[in-house]
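For the numbers below, each heavy atom of this structure counts, side chains included, while hydrogens, waters and symmetry mates do not. Residue numbers begin at 1 in each chain, while the letters A, B, ... track the order of the sequences.
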There are 2 protein chains.
Amino acid sequence: MTAAQSSPRKRAGNGAVRPIDAEEIGLDALVGHAGYAVRRFQIWIFQDFIRTLGEVDIRPTQYSVLTVIGANPGLSQMAVAKRLGIERARLVHLLDSLEQRKLVKRVKSKTDRRSHALHLTTQGETALAKFKRLAAEHERHVEEKIGRDNRERLLRILADFT
Amino acid sequence: MTAAQSSPRKRAGNGAVRPIDAEEIGLDALVGHAGYAVRRFQIWIFQDFIRTLGEVDIRPTQYSVLTVIGANPGLSQMAVAKRLGIERARLVHLLDSLEQRKLVKRVKSKTDRRSHALHLTTQGETALAKFKRLAAEHERHVEEKIGRDNRERLLRILADFT
DNA sequence: GAAAGATTGTTGTTGACGACAACAATTGTC
DNA sequence: GACAATTGTTGTCGTCAACAACAATCTTTC
């Protein structure tokens with residue numbers, strides 16, 4: 001219907017590959033899809049996050065888990081998993097790793113002997129403080145990339161997904 | 001510095017897990033991170049895309065490859081991979097699958113015997129037309145989810161990442 | 001024009017991640 | 001007390017990004 005129909009670059013009948021000047025390849029219908037842009041952006045963000053927090057070896061998912069536990073000590077694994085949209089099966093491994101690194105501890109609950117109460121260790125709290133500083137630095141990179149008000153617009157638009 | 005510091009819900013000293021009323025768990029610093037919202041949103045989008053194009057069994061990455069080839073017949077695998085930000089190693093498997101389904105064909109290039117010129121089959125072209133209709137339907141779901149102007153704002157903000 | 005270097009497609013490995021299924025221990029319900 | 005539901009755990013499967021290595025084939029350089 002719209003201009004998305006596009007025109008094939010060059011009906012190269014039977015495979016005549018002309019060098020194709022670098023980056024002028026049409027995306028056609030893709031430019032109208034929010035998902036495509038969001039995906040590429042998300043990849044960029046994660047790469048920058050991983051690089052910026054590289055010195056402390058913390059990935060986005062780990063950071064989100066630590067942050068939530070830090071702000072809500074005593075949560076069960078189910079509660080954390082549900083809140084962050086992580087499979088509880090996956091959270092098990094994440095916590096195994098974080099517990100090995102002495103950042104988190106699983107305390108056996110006495111009110112419900114099935115569940116664990118999650119807490120940061122003392123070491124975990126000071127570490128998280130540093131992670132947050134680095135994460136803030138990462139966030140500044142995002143600002144530089146898309147612009148200050150665009151970042152805030154974005155946060156407002158996607159507020160329901162947090 | 002800001003209000004992001006948050007206050008721990010309840011110093012539950014030694015693991016007293018109080019039921020925690022459903023979804024009122026604080027995200028603390030996470031709410032200020034664009035990456036978190038973008039990630040959750042991207043997961044939602046992909047799930048809807050996969051569900052909406054479920055009847056034709058086409059996933060987002062496959063759709064992007066088909067679209068680019070359709071709009072630029074004769075491209076090499078390198079060109080497609082670079083344009084879409086896909087590893088060329090990964091594109092190999094994607095094309096294997098699409099070629100098995102008779103949607104795409106690899107034509108040996110005569111100007112550069114290392115590379116393949118990628119084309120849609122006739123079947124591939126009619127199939128892609130249907131995929132595009134379904135993808136447009138998916139896009140309407142996005143509109144319903146975040147609102148019409150928010151979607152357009154989003155596309156504008158992230159235009160550089162396409 | 002031959003040697004050295006770069007590119008293209010391919011194969012394989014690794015690790016993070018989402019989605020499921022199954023299970024034991026425990027709790028809640030009737 | 002029997003039966004269903006929940007919690008943490010283990011395991012499998014498929015997608016995906018990131019590398020590394022390789023053979024075949026250009027391209028550069030002397």
Taking only side-chain N and O atoms of A/R90, does any of them lie within less than 4.0 angstrom of OP1 or OP2 on D/dT10? no

Contact under 4.0 Å: A/T61 side-chain N or O vs C/dC17 OP1/OP2: yes

Whole-Å distance, B/R88 CZ to C/dT10 C1', equals 9 Å

Roughly how many Å is it from CG in B/L91 to P in D/dC19, rounded to a whole number? 18 Å

On the nucleotide D/dC16, are OP1 or OP2 found under 4.0 Å from the side-chain N or O atoms that B/R59 carries? yes

Over how many whole Å does the gap from A/L95 atom CG to D/dG8 atom C1' extend? 10 Å

Selected nucleotide, minimal atom distance to B/D112 side chain, candidates D/dT10, D/dA21, D/dC26: D/dC26

Counting only side-chain nitrogens and oxygens, does B/R106 get under 4.0 Å of the OP1 or OP2 atom of C/dT10? yes

Take atom CG of B/D48 and atom P of C/dG18, then tell me their distance rounded to the nearest Å. 18 Å

Which residue is it: B/Y63, B/F49, B/F46? I am looking for the one with a ring pair (Phe, Tyr, Trp, His ring centres under 6.0 Å) to B/H138. B/F49

Heavy atoms under 4.0 Å, any strand shown: does B/Q47 hit a base, just sugar-phosphate, or nothing? sugar-phosphate

Apply side-chain contact (heavy atoms from CB on, under 4.5 Å) to the pair B/V65 and B/L118, showing each step before the final yes or no. CA-CA 10 Å; B/V65 170; B/L118 301 175; over 6 Å; no

Integer-rounded Å distance: D/dT15 P and B/L53 CG: 15 Å

Check the distance between C/dT14's C1' and A/H93's NE2 and give it to me in whole angstrom. 16 Å

Minimum-distance nucleotide (side-chain atoms of A/I43 versus C/dG9, D/dA17, C/dC17): D/dA17

Is A/E87 touching bases, backbone alone, or none of the nucleic acid, heavy atoms closer than 4.0 Å? base

Output, in order, the C-alpha distance, side-chain angles, deciding distance and verdict of side-chain contact (heavy atoms from CB on, under 4.5 Å) for B/T121 and B/V104. CA-CA 5 Å; B/T121 62; B/V104 165; 5.8 Å; no

Between A/L158 and B/V38, does a side-chain contact (heavy atoms from CB on, under 4.5 Å) hold up when you go through it step by step? CA-CA 7 Å; A/L158 302 183; B/V38 169; 4.0 Å; yes

Between atom CH2 in B/W44 and atom P in C/dC17, what is the gap in whole Å? 23 Å

Separation of atom CG in B/L84 from atom P in D/dT15, rounded to whole Å: 18 Å

Relative to the 5' end of DNA chain C, which residue comes earlier, A/R114 or A/I86, by the nucleotide with the nearest heavy atom? A/I86

With respect to the phosphate group of C/dT7, does any side-chain polar atom (N or O) of B/Q77 fall under 4.0 Å of OP1 or OP2? no

Under the side-chain contact (heavy atoms from CB on, under 4.5 Å) rule, what do B/I157 and A/F41 come out as? Steps first, then yes or no, please. CA-CA 10 Å; B/I157 292 175; A/F41 183 47; over 6 Å; no

I'd like to know whether A/K132 forms a salt bridge (charged side-chain N to carboxylate O under 4.0 Å, His left out) with B/D28, so could you lay out the CA-CA distance, the side-chain angles of the two residues, the decisive distance to 0.1 Å, and finally the verdict. CA-CA 11 Å; A/K132 284 185 179 177; B/D28 193 37; 2.6 Å; yes

Is the distance from OP1 or OP2 of C/dA16 to the nearest side-chain N or O of A/Q62 less than 4.0 Å? no

Has the side chain of A/R113 got a donor or acceptor atom sitting under 3.5 Å from an opposite partner on the base of C/dT26? no

Quick check for you: among D/dT7, C/dT10, C/dC20, whose closest atom lies nearest to any side-chain atom of A/A89? C/dC20

